[in-house]
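Data first, discussion second: the structure below is written as structure tokens.
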Amino acid sequence: MTPALKTLKLTRRSTIAGLVSSLSCPALAGLRREPDFDVLIIGAGAAGIAAGRRLLASNRKFAILEASDRMGGRCFTDTATFNLPYDRGACSIHLPGQSSLPKLAVQSGIELYPDPERQQFRVRSRNGLEKNLEEIHSKLELEEFYADRVRCYAAIAQAAAGNADISCARALPADLGDWRRTMEFVLGPYRFGAELTELSAKEYALSIDRSPGRLCRQGVGALIGKLALGMPIKFFSPVTLVDCAERSVALTTGEGVVTARAVIVTASTAVLASGKLRFRPNLPGAYASACEKLKLGSYDHVALAFNANALGLDANEVVFERAYTTKTAALLANIHGTRLSVLTLAGRSGVELADKGEDAMTDFALDWITGVFGSRAKKAVLRVHTMSWTKDPWTLGAFSSAPPGAQEARKALSEPLDDVVWFAGEAVHQTLWGTVGGAWQNGERAADAVIARLDHKPPRSAGG
């Protein structure tokens, strides 16, 4: 008998009555003629929850299998460490006009508000005291940086218009002078978690006009969590094998086998490339190659709670230093008007620090704060917390980026496999990759396509 699926109030200890019994009896599952579910979703991140909401509205029998002990994936709001909302991962909603998330946030009682995009550039003075760049040099020098950034965007766009796809680093103007290192960090690691040498100019050009994002006062992870209420999620259920048969699919977990008419895979490309999730038969070359090419960048956080506004900054103000090496960072200060600030470590130097461990990340953060703001700032730090997504076993990185020549990889993953497997997530979206909105929209797209297949109807057109 096909297991009954109950929609439960979601807690960390939630289980699914019918699903548990099915997973624990693989031999019986193998004897069933009909699949256990219409659809199974691998992963309870933004894409998985978005797909689940579509399936719930269509009255499909489905379940979400989540490897970890929580929902949200790379959207993770921690309220325990600092006794206030702290987004360990994604902290804003980009391109709100192209996503259903803002409307859903309002309906859920979650506040989104415009990112003020206040930025400062500072230099380290010889005596170690903080110096605002505008206090040392004329405003013309800061204006030169912004003008150079516009020139860099134009150069990348021009390179993207050519026949060959080159790296963004090759496209940059040669005369950036003392601003080059800062420009490389702001445009590459800080924006996409990867060095400009690793980013395709053709793909980057599609992202230049992204509008300012919306900040989420209660936390982006909290928003995804509210939208997940009522979802049938089975935690601690990593899928190790996706076995495709004609018009159906079987998933192997630690508790057994469960079957469905279709599956939506929202695992990160890094997890897919790692072999943690296998396919039988093996993924065709185009899919496997896409997972390998769409590597996840490094975008890690060191959160610092201060005992006062020791840095003298506005809420949500971003601070860069004028860098002369690749070992630099960016600070998001006084998040939502609190005394919590987050230092972003990204790109190659971020990977190196994460590999050395939490102590190395903390030491770098405190040294950076001291060098830019002075020793008084360091003394005002009450607590520090580090987060490395490259070390998270169920993500293995931050968000995807495409190297030169790989811009077709996202398109390859957007195609269904044997009409039973769909891939979804930020990495699959062809224009809004690396964003929560892109992951959400792509999850909706995949679910719509699956529903259309189950109904034997052509899918609705959708972005991503």
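What you are looking at is a predicted structure, and each value in this text was computed from that prediction instead of being measured. Atoms considered below: every heavy atom in the structure, side chains included; atoms not considered: hydrogens, waters and symmetry mates.
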Looking at [Y], is [X] sitting on its ring face, NZ or CZ under 6.0 Å from the six-membered ring centre and within 45 degrees of the normal?
X	Y	result
R70	F76	yes
R217	Y113	yes
R74	W389	no

Do [X] side-chain atoms and [Y] backbone N/O form a donor-acceptor pair below 3.5 Å?
X	Y	value
K202	A160	yes
S349	K327	no
S108	I110	no
S99	P96	no
E426	A439	no
R118	V318	no
N309	L313	yes
T240	L277	no
E195	R348	yes
D165	G405	yes

> Hey, are E352 and K356 close enough for a salt bridge, meaning a charged N less than 4.0 Å from a carboxylate O?
Replying inline: no
>> Any salt bridge linking R214 with D115? Criterion: basic side-chain nitrogen under 4.0 Å from a carboxylate oxygen.
In response: no
>> Would you say that more than 12 heavy atoms from the other residues, nucleotides or ligands in this model lie under 6.0 Å from the CD of Q119, or not?
In response: yes
Report the relative orientation of the aromatic rings in [X] and [Y]; use parallel for angles under 30°, tilted for 30 to 60°, perpendicular for over 60°.
X	Y	result
F82	H385	perpendicular
F423	F279	tilted
Y190	F185	tilted

>> Let's go through V302 and E358 carefully: what are the C-alpha distance in whole Å and the side-chain angles of both, what is the deciding distance for side-chain contact (heavy atoms from CB on, under 4.5 Å) to 0.1 Å, and is it a yes or a no?
In response: CA-CA 9 Å; V302 180; E358 294 181 2; over 6 Å; no
Would you say the side chain of [Y] lies within less than 4.5 Å of the side chain of [X], judging by non-hydrogen atoms?
X	Y	answer
I49	M231	yes
H94	L432	no
S167	L199	no
L187	R149	yes
L366	L304	yes
F235	L65	no
R122	F373	yes

Can you give me the closest heavy-atom contact between [X] and [Y], atom names plus distance?
X	Y	result
A354	T390	CB-OG1, 3.9 Å
D300	G350	OD2-O, 4.3 Å
M71	A228	SD-CB, 3.5 Å
L55	A447	CG-CB, 4.4 Å
G52	F62	O-CZ, 3.4 Å
A201	A159	CB-CB, 4.3 Å

State, without any angle test, whether [X] and [Y] hold a side-chain donor-acceptor pair at a distance under 3.5 Å.
X	Y	answer
D314	N334	no
S414	R445	no
S401	E198	no
E321	W368	yes
S68	E66	yes
D78	T81	yes
Q98	Q441	no

Can you tell me how far [atom2] of [Y] sits from [atom1] of [X], rounded to the nearest 0.5 angstrom?
X	Y	atom1	atom2	result
I224	C75	CD1	SG	5.0 Å
S58	I451	OG	CD1	3.5 Å
L331	T344	CG	OG1	8.0 Å
H336	Q218	NE2	CD	8.5 Å
I264	R54	CD1	CZ	11.0 Å
M387	L345	CE	CG	13.0 Å

>> Between F306 and L311, is the side-chain contact (heavy atoms from CB on, under 4.5 Å) condition met? List the steps.
In response: CA-CA 9 Å; F306 291 88; L311 308 183; 4.1 Å; yes
>> Let's go through Y324 and W179 carefully: what are the C-alpha distance in whole Å and the side-chain angles of both, what is the deciding distance for ring-ring contact (aromatic ring centres under 6.0 Å, His included) to 0.1 Å, and is it a yes or a no?
In response: CA-CA 8 Å; Y324 292 95; W179 284 113; 9.0 Å; no
>> Q430 vs K411, test: side-chain contact (heavy atoms from CB on, under 4.5 Å). Steps then yes/no.
In response: CA-CA 7 Å; Q430 295 179 53; K411 183 177 180 181; 3.8 Å; yes
>> I'd like to know whether V263 forms a side-chain contact (heavy atoms from CB on, under 4.5 Å) with I41, so could you lay out the CA-CA distance, the side-chain angles of the two residues, the decisive distance to 0.1 Å, and finally the verdict.
In response: CA-CA 6 Å; V263 63; I41 300 171; over 6 Å; no
> Please walk me through it: do F192 and F399 pass ring-ring contact (aromatic ring centres under 6.0 Å, His included)?
Replying inline: CA-CA 8 Å; F192 289 117; F399 42 84; 7.1 Å; no
> Below 6.0 angstrom between ring centroids: does that apply to Y86 and H301?
Replying inline: no
